[in-house]
Each structure stands twice: as C-alpha cells, then as structure tokens.
Protein chains: 2
Amino acid sequence: MNDPIENEVNYTANKYRTPDGAPADIVIFTITSTERNAAKKSLPHRELQVLLIQRKHWPYEGQWALPGGFSQESETIYESAKRELAEETGVANVHMEYFNVYSTPGRDPRGWMISHAFFALVNESLLLNRRAADDAADVRLFTVEEALKMDLAFDHELIVKDALHQIQQKMRTTTIAKEFLPSEFTISELYQVIQTVVLDFEESNFVRKITSTQSRKGIIEEVRDLHGNLKMSNRYSQRAAQLYRFNDYEPQLSIYS
Amino acid sequence: MNDPIENEVNYTANKYRTPDGAPADIVIFTITSTERNAAKKSLPHRELQVLLIQRKHWPYEGQWALPGGFSQESETIYESAKRELAEETGVANVHMEYFNVYSTPGRDPRGWMISHAFFALVNESLLLNRRAADDAADVRLFTVEEALKMDLAFDHELIVKDALHQIQQKMRTTTIAKEFLPSEFTISELYQVIQTVVLDFEESNFVRKITSTQSRKGIIEEVRDLHGNLKMSNRYSQRAAQLYRFNDYEPQLSIYS
DNA sequence: TAAATAGTGTCTCTGAGACACTATAAG
DNA sequence: CTTATAGTGTCTCAGAGACACTATTTA
C-alpha cells in the first residue's frame with residue numbers, strides 16, 4: 001500500500017490531492033399504471049418511470065439530473081443515499097441498492113467527485129401524494145425511454161443505463177418484482193410488471209411455471225381468507241383472478257443446475 | 001441536490017468537509033493445488049487463497065491487510081485498482097470486478113476514507129514466480145479460512161467476507177470458474193474448482209449436466225486436436241479424461257424459467 | 001353475444017436424479 | 001489385483017413448451 005502518511009504524528013498535513021466530494025446519486029424507478037379502457041375492465045397500461053430533478057445552479061443549470069447529494073463524514077454513503085431518497089420522494093423503507101461507482105476524471109466540472117450510484121424501487125402508491133404536489137415543479141417522473149433521450153447532466157445518462165440493466169437483470173433473477181406490486185396481486189399483474197422492466201420477457205405457460213411446478217413453489221403462494229377460501233380479485237377482469245403473495249424465499253440459481 | 005456551490009465563480013473555496021482519500025482495496029483470490037499422493041496419479045488438493053500484505057506503518061502497523069492504495073484524480077477507481085493489482089502481483093489482464101464501497105465513519109484512523117473494494121481472480125500459474133520471490137517477505141498468500149481468523153487491519157475482515165460471498169455467488173451463476181483453470185481442463189478439475197470456492201457444492205451427474213444437456217451445451221465444449229480427434233489428458237488419472245474448454249457463452253438465468 | 005381476462009387439458013420430449021455398472025491404466 | 005479416476009446404461013418422474021380449448025363476467 002502506498003500510504004501517503006508515515007505515522008500518526010505527521011499525519012495532519014496531507015500532502016496529497018484529495019477528492020472534492022463523494023456524492024450519492026439515486027436512480028429512483030417506479031411503474032405507473034394508467035387505465036387503458038374506461039368502458040370495460042382491463043389491465044392497465046404500465047410504464048417504467050424514473051425520477052429526475054431540474055438543476056437550478058451551475059453546473060448543468062437548467063438540465064435534468066438524478067437526485068442525489070454529497071455524503072457527509074458522519075454517515076455511510078448508504079445512509080446519505082437513504083436521506084436523499086427520503087427528501088426527494090418522502091418515502092422510507094423502500095428497496096434501495098448500491099450498484100456502481102463513477103469516477104471518470106472530469107465527470108464533474110466542480111472538481112474531483114467520486115459518485116456512488118444507487119437504484120431504488122418505489123411502488124407508485126407511495127409516490128401518489130408526492131406526484132400531485134410536484135406536478136409542475138422541478139421534480140418529475142419521466143419514462144426511461146424519455147430520460148435516455150434527454151441531455152442529462154454529468155454522466156447521468158450512463159448511470160441511468162447501467163441502473164436499467166441492473167434492474168432488468170435482478171427482475172429476472174430475484175423477486176424484486178414485489179417492490180412494484182401490492183402485497184396481493186394476480187398472475188397477470190406480476191407478468192405485466194416483469195414485462196414493463198424486461199421488455200422482451202415472454203414466457204408461455206407462465207401461470208403454470210410460477211404456480212404448479214415444484215421447484216418454484218416457494219416463490220409465491222395463493223392468498224386465502226379467514227375461512228381458508230381462496231381469495232380472488234376482479235379489479236382488472238370480468239372473471240375473478242386468484243390473488244397471490246410473495247413468500248420470503250429467494251431461489252438460488254446456478255448454471256450447473 | 002444540495003449543492004455546496006452556487007456558481008462557477010465562487011467555486012474554488014469549498015465550504016464543506018471533503019473526504020481525505022478514496023482508496024481501492026483488492027481481494028486477490030487464487031486457488032493453489034498441491035499433490036496429495038506422490039505414488040499414484042491423483043487429483044491435487046486445492047485451496048482458495050487470498051493475498052495479504054503486512055503493514056509497515058501506522059495505522060495497524062505490523063498487521064495484515066488487503067493490498068490497495070489511494071486513487072488519484074487522473075484515473076478512475078478501476079484504473080487505480082488495476083495499477084495496484086499489477087504492482088502487488090505482477091499480473092495484468094486478469095478478471096477484476098468492483099463489488100462494494102466501504103464508508104463507515106471511523107473505519108480508517110487517518111481520516112475520512114471511502115474505500116472501494118474489488119476482487120480479482122488470478123490463476124495460480126501466473127503467481128508462481130512471484131510466490132517464490134516473496135515467500136519470506138511481507139506479501140503472502142493465506143487460505144481464506146486463515147485470513148478470516150486473523151486480526152486484519154481496518155474493516156478488511158468484512159471486505160474479505162463480502163468478497164468471498166460475491167465469488168461464491170458468481171461461481172454458481174457465471175463462468176468465472178474459468179479464471180482458476182487452464183484453458184483446457186477436465187470435468188473433474190472444473191468440479192474441484194467449484195467445490196473449492198463453494199464448499200457445499202454437490203451435483204450428482206455433474207458430468208452429464210454440463211456436457212450432454214441441450215440447455216447448457218453452450219458453456220463448454222470438447223477439445224479436439226488437428227485431426228479432429230478428441231483430446232485427452234491423463235495428468236490426474238490412470239484412465240485418460242476428456243479435455244474441455246469454455247466457450248464465450250454466459251447462460252442467462254431466470255427464476256421464472 | 002362480443003370482449004377481456006382467467007385458467008385447464010393434453011401431448012411431446014428434454015432432462016434431473018439416482019445408482020449400479022463398466023473402462024482404463026499404474027503400481 | 002487393487003486403487004484412483006473416467007465414464008455409461010437405464011429407469012423414473014418432473015416439468016418446459018406448444019396450443020387449443022373452456023370458464024366467467026359485463027357492457
């Protein structure tokens with residue numbers, strides 16, 4: 001190790017250039033659902049959205065950027081991201097994960113900034129109040145497609161792209177779909193949510209695989225009412241559909257089966 | 001975003017406390033093989049080892065720590081880790097991945113240090129010269145078990161643990177096993193390498209699954225000589241074993257099959 | 001009865017899992 | 001002939017994949 005300092009006594013004078021900041025940036029995803037057909041009951045149209053804020057100051061004044069902020073000495077980067085997330089969305093206890101660090105020289109004109117990127121998955125129900133309040137303000141949801149076409153501040157386009165790949169990967173291999181769903185949901189809702197994130201996701205016989213195959217039985221289970229009867233929902237359909245919930249079970253995948 | 005600076009003009013005086021350094025720490029793994037039975041040909045004993053260095057200066061003087069060093073403004077964290085890796089092991093072009101950031105306040109007595117942790121997988125053949133030279137020096141390989149029992153500097157025990165979980169996970173879900181193997185290897189070697197990292201790995205009919213099942217056919221393939229004959233090896237066995245190589249194919253896993 | 005979603009019946013063929021068995025070569 | 005590794009034969013049953021079909025409710 002190439003320590004800049006030899007011992008405790010002569011420590012205080014740091015001879016080396018040090019970073020000018022260690023920000024955390026958060027890619028906040030949500031899936032919005034909008035009615036497709038007011039006349040008949042039908043599945044909603046779902047879109048993957050990302051929350052952006054419009055910058056007020058130099059640099060990149062006026063441009064849209066990821067929410068984030070500088071971390072402080074008294075907190076971990078994770079805590080600082082949690083704090084930012086709460087400030088921007090007013091929600092806590094949501095799924096947030098660290099996924100990469102961005103340190104390309106010159107990525108921030110303010111100086112040597114090493115940015116730590118998180119993604120957060122927020123259920124649209126939690127953002128409802130927030131969205132109404134901020135509709136015309138400098139905080140807005142954009143579809144991922146829109147966001148990637150905009151000229152985002154810093155290297156935030158790259159960060160959004162990387163975050164998208166991350167959640168697409170996780171959507172296929174973990175149960176994070178639950179973050180976008182109510183606690184009780186139908187198979188169609190689950191399928192739709194997966195497809196909203198992983199655009200080319202297509203599984204024929206999805207219902208069967210997720211429900212009746214032994215190997216995956218642990219992932220979800222039917223919801224029953226107090227009398228032990230199966231609980232159904234007809235929110236999106238004429239014919240009532242079985243409700244399911246996620247179990248606390250993460251299947252272990254392996255390429256060597 | 002809570003920018004500390006309002007515009008370019010008054011930027012230079014940063015009013016905020018900034019980090020004292022952004023080090024990169026690298027958990028360098030290798031698998032060593034030692035003869036078990038000199039009399040008869042047999043599979044070697046394999047052990048997962050991690051490279052540590054003994055610190056010469058405050059803090060944690062004399063204790064063992066992960067190799068690493070401070071990153072500079074002119075390079076990405078990844079580049080700085082690559083540089084360190086080359087300095088410690090003399091190897092380049094090995095598999096190295098970033099996996100987490102460590103920023104708990106007080107983790108480094110020298111100040112506010114945000115550490116970026118990488119793991120590297122190095123084939124033992126590449127370390128051979130190095131190991132001979134440094135055998136009695138302050139750079140050594142320890143088995144992971146040993147390393148986790150030692151009193152490592154900083155939060156390096158946690159970092160090693162996390163790195164171990166990472167490579168165990170990746171060993172099951174990706175083809176990183178190839179980093180520990182020669183380009184041509186037998187099924188037993190592959191199986192042994194996986195077991196060395198993932199201690200409870202056990203697959204009956206492993207040979208069949210990895211070779212004759214259609215769904216996984218892309219991962220490895222038999223090696224043939226110039227005449228198209230199957231290439232065998234009797235390095236570890238009386239009866240010659242088929243040699244395989246990895247294809248450039250990463251299977252896509254999914255919990256929804 | 002048409003529309004929209006929910007769900008089943010049935011067939012085929014791959015492949016996981018178990019376990020006993022054979023194959024090869026060296027000491 | 002024993003030992004150590006390599007590899008096959010064979011059976012069973014789960015389950016992936018395809019696709020047509022039925023079920024339920026409401027405008």
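Being a predicted model, the structure only gives us computed values, none of them experimental. Here is the naming used below: chain letters follow the sequence lines, and residue numbers restart at 1 for every chain. Because only heavy atoms are used, hydrogens play no part in the values below, and waters and symmetry mates are left out as well, while side chains stay in.
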Would you classify L43(B) as touching base, sugar-phosphate or nothing, given that sugar-phosphate means primed atoms plus P, OP1 and OP2, and contacts are heavy atoms under 4.0 Å?
sugar-phosphate
Short side-chain N/O contact from S204(B) to OP1 or OP2 of dA18(C), under 4.0 Å
yes
Does a side-chain N or O from R36(B) land closer than 4.0 Å to OP1 or OP2 of dT5(D), or not?
yes
Between [atom2] of [N] and [atom1] of [X], the distance in whole Å:
| X | N | atom1 | atom2 | answer |
| --- | --- | --- | --- | --- |
| H45(A) | dT5(C) | NE2 | P | 14 Å |
| I187(A) | dA23(D) | CD1 | C1' | 17 Å |
| N205(B) | dG7(D) | CG | P | 14 Å |
| E189(B) | dT5(D) | CD | C1' | 12 Å |
| Y256(A) | dG17(C) | OH | P | 16 Å |
| F185(B) | dT5(D) | CZ | C1' | 17 Å |
| L190(B) | dG7(D) | CG | P | 13 Å |
| F206(B) | dG15(C) | CZ | C1' | 16 Å |

CD of E84(B) to CD of E87(B): how many Å apart, nearest 0.5 Å?
4.5 Å
Identify the residue among R172(B), R208(B), K209(B) that makes a salt bridge (Lys or Arg N to Asp or Glu O under 4.0 Å) with E203(B).
K209(B)
Plane angle bin for Y191(B) and F206(B) - parallel if under 30°, tilted between 30 and 60°, otherwise perpendicular
tilted
Between T175(A) and E250(A), is the side-chain hydrogen bond (donor to acceptor under 3.5 Å, both in side chains) condition met? List the steps.
CA-CA 7 Å; T175(A) 60; E250(A) 287 288 336; 2.3 Å; yes
Can any side-chain N or O of Q169(A) pair as donor or acceptor with the backbone N or O of Q166(A) at less than 3.5 Å?
no
Where the side chain of T30(B) meets the backbone of V122(B), is there a donor-acceptor pair that is under 3.5 Å apart?
yes
Do K170(A) and E179(A) make a side-chain contact, defined as non-hydrogen atoms from C-beta onward lying under 4.5 Å apart?
no
Within residues 224-233 of chain B, the residues having a heavy atom closer than 4.0 Å to DNA chain D are none
F118(A) and its side-chain contact (heavy atoms from CB on, under 4.5 Å) partner, picked from I159(A), V27(A), L85(A), I77(A):
I77(A)
When the side chains of residues 218-230 of chain A are checked against the rest of the protein, which donor-acceptor pairs come out under 3.5 Å, sequence neighbours left out?
residue : atom : partner : partner atom : Å
E221(A) : OE2  : R245(A) : NH1          : 3.2
R224(A) : NH1  : G228(A) : O            : 2.8
D225(A) : OD1  : H227(A) : N            : 2.9
D225(A) : OD1  : G228(A) : N            : 3.1
D225(A) : OD1  : N229(A) : N            : 2.9

Anything under 3.5 Å between a protein N or O and an N or O of nucleotides 24-27 of chain D, put it in a table, one pair a line.
residue : atom : partner : partner atom : Å
dT24(D) : O2   : R239(A) : N            : 3.4
dT26(D) : O2   : K40(A)  : NZ           : 2.8

R208(B) (side chain) and dG9(D) (base): donor-acceptor pair under 3.5 Å
yes
